[in-house]
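We use all heavy atoms of the structure for the numbers below, so side chains are in, but hydrogens, waters and symmetry mates are not.
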Amino acid sequence: MSNEYVSLNHVQTHLITWGNPFNCGGQDVIICVTGNPGITDFYIDFGSQLNKNTELPVCVIGQAGHEEVPDEKSNILKGQEHLFNLKGQIAHKLDLINNFIDRESRLHLIGHSIGACTRDDWAPINYIDDLQMFQPQIRLEKVDIEHAFVLKSSEIVAEKVSNFIKSTT
């Protein structure tokens with residue numbers, strides 16, 4: 001495991017990596033985008049288990065501005081709101097993918113809280129149905145796991161995700 005700070009879309013960002021997703025000779029790469037709030041350290045067990053189960057490089061990226069970083073300017077919202085709004089968050093992740101991740105690699109993109117969590121009503125169950133209607137090729141699975149899985153169920157979720165990734169390679 002490695003902790004790195006890189007500038008993405010003009011915001012210094014904490015990344016946690018296993019293996020080398022930046023130069024891996026075209027090997028598949030797993031990118032995990034944290035939920036909101038986007039604290040990368042919450043995903044250490046999950047990322048570690050994904051790497052162990054798949055033997056693929058893993059990169060965990062949080063949300064721009066959600067963690068205090070050494071570069072003081074990156075910690076200031078005022079006057080830089082455009083870096084932290086939805087468009088800024090998208091540009092932040094695209095900067096990672098387009099300019100840092102090995103260009104020869106196939107990506108497995110994991111997003112936490114995208115239609116997650118039927119048990120705690122964090123997102124309504126009909127979001128899953130809506131997503132499948134618009135993107136029928138996406139394979140979704142309803143599971144009985146707490147929304148904040150990274151706190152208690154990292155190994156179980158990592159096993160499910162790993163099995164899914166292995167089934168697509």
Side-chain angles (χ1 to χ4, degrees), residues 1-6 8 11 13-22 24 27-69 84-86 88-90 92-94 96-97 100-101 105-169:
M1 183 183 92
S2 176
N3 287 283
E4 304 188 34
Y5 289 91
V6 298
L8 299 172
V11 178
T13 304
H14 177 214
L15 302 176
I16 303 177
T17 61
W18 291 261
N20 186 351
F22 312 120
C24 60
Q27 186 178 20
D28 285 12
V29 171
I30 299 170
I31 299 174
C32 177
V33 179
T34 67
N36 182 356
I39 310 299
T40 53
D41 283 349
F42 287 166
Y43 293 78
I44 290 173
D45 292 342
F46 180 65
S48 180
Q49 197 66 42
L50 277 175
N51 175 255
K52 178 181 172 187
N53 292 351
T54 63
E55 298 180 350
L56 295 175
V58 175
C59 180
V60 174
I61 179 173
Q63 305 300 328
H66 284 216
E67 293 184 73
E68 191 169 332
V69 293
F84 305 104
N85 64 17
L86 180 59
Q89 294 293 348
I90 292 169
H92 181 251
K93 308 320 175 277
L94 287 175
L96 172 70
I97 292 168
F100 289 86
I101 300 297
S105 296
R106 185 172 82 149
L107 303 180
H108 301 277
L109 188 59
I110 299 169
H112 183 185
S113 292
I114 299 174
C117 222
T118 60
R119 186 175 358 158
D120 64 9
D121 294 324
W122 190 261
I125 192 75
N126 65 313
Y127 283 12
I128 292 173
D129 299 330
D130 292 346
L131 184 57
Q132 258 184 327
M133 185 173 70
F134 291 109
Q135 297 293 327
Q137 74 280 9
I138 293 178
R139 196 170 95 197
L140 301 170
E141 180 181 350
K142 298 171 189 171
V143 295
D144 189 30
I145 295 174
E146 293 291 334
H147 177 245
F149 76 87
V150 293
L151 301 178
K152 296 180 183 176
S153 305
S154 286
E155 287 186 19
I156 295 168
V157 175
E159 183 68 29
K160 288 184 171 294
V161 171
S162 298
N163 289 338
F164 176 77
I165 289 170
K166 289 175 186 177
S167 75
T168 65
T169 54

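For the residue pair Val11 and Ala64, the shortest heavy atom distance occurs at CG1-CB, 4.2 Å. Residues His92 and Ile61 come closest through the heavy atom pair CE1-CD1, 3.6 Å. The minimum heavy-atom distance between Ile101 and Cys59, with the atom names listed, is CD1-CB, 4.5 Å.
Atom OG1 of residue Thr54 and atom CG of residue Asp28 lie 9.0 Å apart, to the nearest 0.5 angstrom. The CG atom of Leu131 sits 10.0 Å away from atom CE of Met133, with the distance rounded to the nearest 0.5 Å. In this structure, the separation between CG on Leu50 and SG on Cys32 is 7.0 Å, given to the nearest 0.5 Å. Distance check, rounded to the nearest 0.5 Å: CD1 of Ile31 to CG of Leu15 gives 9.5 Å. To the nearest 0.5 Å, the span separating CD on Gln49 from OG on Ser162 amounts to 7.0 Å. Here CG of Asp41 is found 5.5 Å from NE2 of His14. Values are rounded to the nearest 0.5 Å.
Gln63 is listed as a side-chain neighbour of Val33, based on a closest heavy-atom distance under 4.5 Å. With a 4.5 Å cut-off on side-chain heavy atoms, Thr168 and Arg106 count as touching. The shortest side-chain heavy-atom distance between Val69 and Tyr5 falls under the 4.5 Å cut-off. Proximity of Gln27 to Pro57: side-chain heavy atoms (C-beta onward) are separated by under 4.5 Å at one or more points. Residues Thr34 and Phe42 form no side-chain contact, since every pair of their non-hydrogen atoms from C-beta on lies 4.5 Å or further apart. Taking the side chain as every heavy atom from C-beta outward, His66 and Thr40 never approach each other to under 4.5 Å.
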**OP:** I would like to know whether Trp18 and Ile30 meet side-chain contact (heavy atoms from CB on, under 4.5 Å); could you show each step before the answer?
**Re:** CA-CA 10 Å; Trp18 291 261; Ile30 299 170; over 6 Å; no
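Not a single donor-acceptor pair under 3.5 Å links the side chain of Glu4 to the backbone N or O of Thr17. Checked by atom type and distance alone, the side chain of Glu67 never pairs as donor or acceptor with a backbone atom of Thr13 at under 3.5 Å. A donor-acceptor pair under 3.5 Å is formed between the side chain of Asn51 and the backbone N or O of Leu56.
Environment of CD in Glu55: sparse, with no more than 12 heavy atoms of neighbouring residues, nucleotides or ligands closer than 6.0 Å. Crowding of Glu155 atom CD: a count of heavy atoms from other residues, nucleotides or ligands under 6.0 Å not exceeding 12. No more than 12 heavy-atom neighbours from other residues, nucleotides or ligands sit within 6.0 angstrom of NZ on Lys152.
In terms of the salt bridge (charged side-chain N to carboxylate O under 4.0 Å, His left out) criterion, Asp45 has no residue partners (sequence neighbours excluded).
Using a 30° and 60° split on the angle between ring planes, Phe46 and Phe149 fall in the perpendicular class, above 60°.
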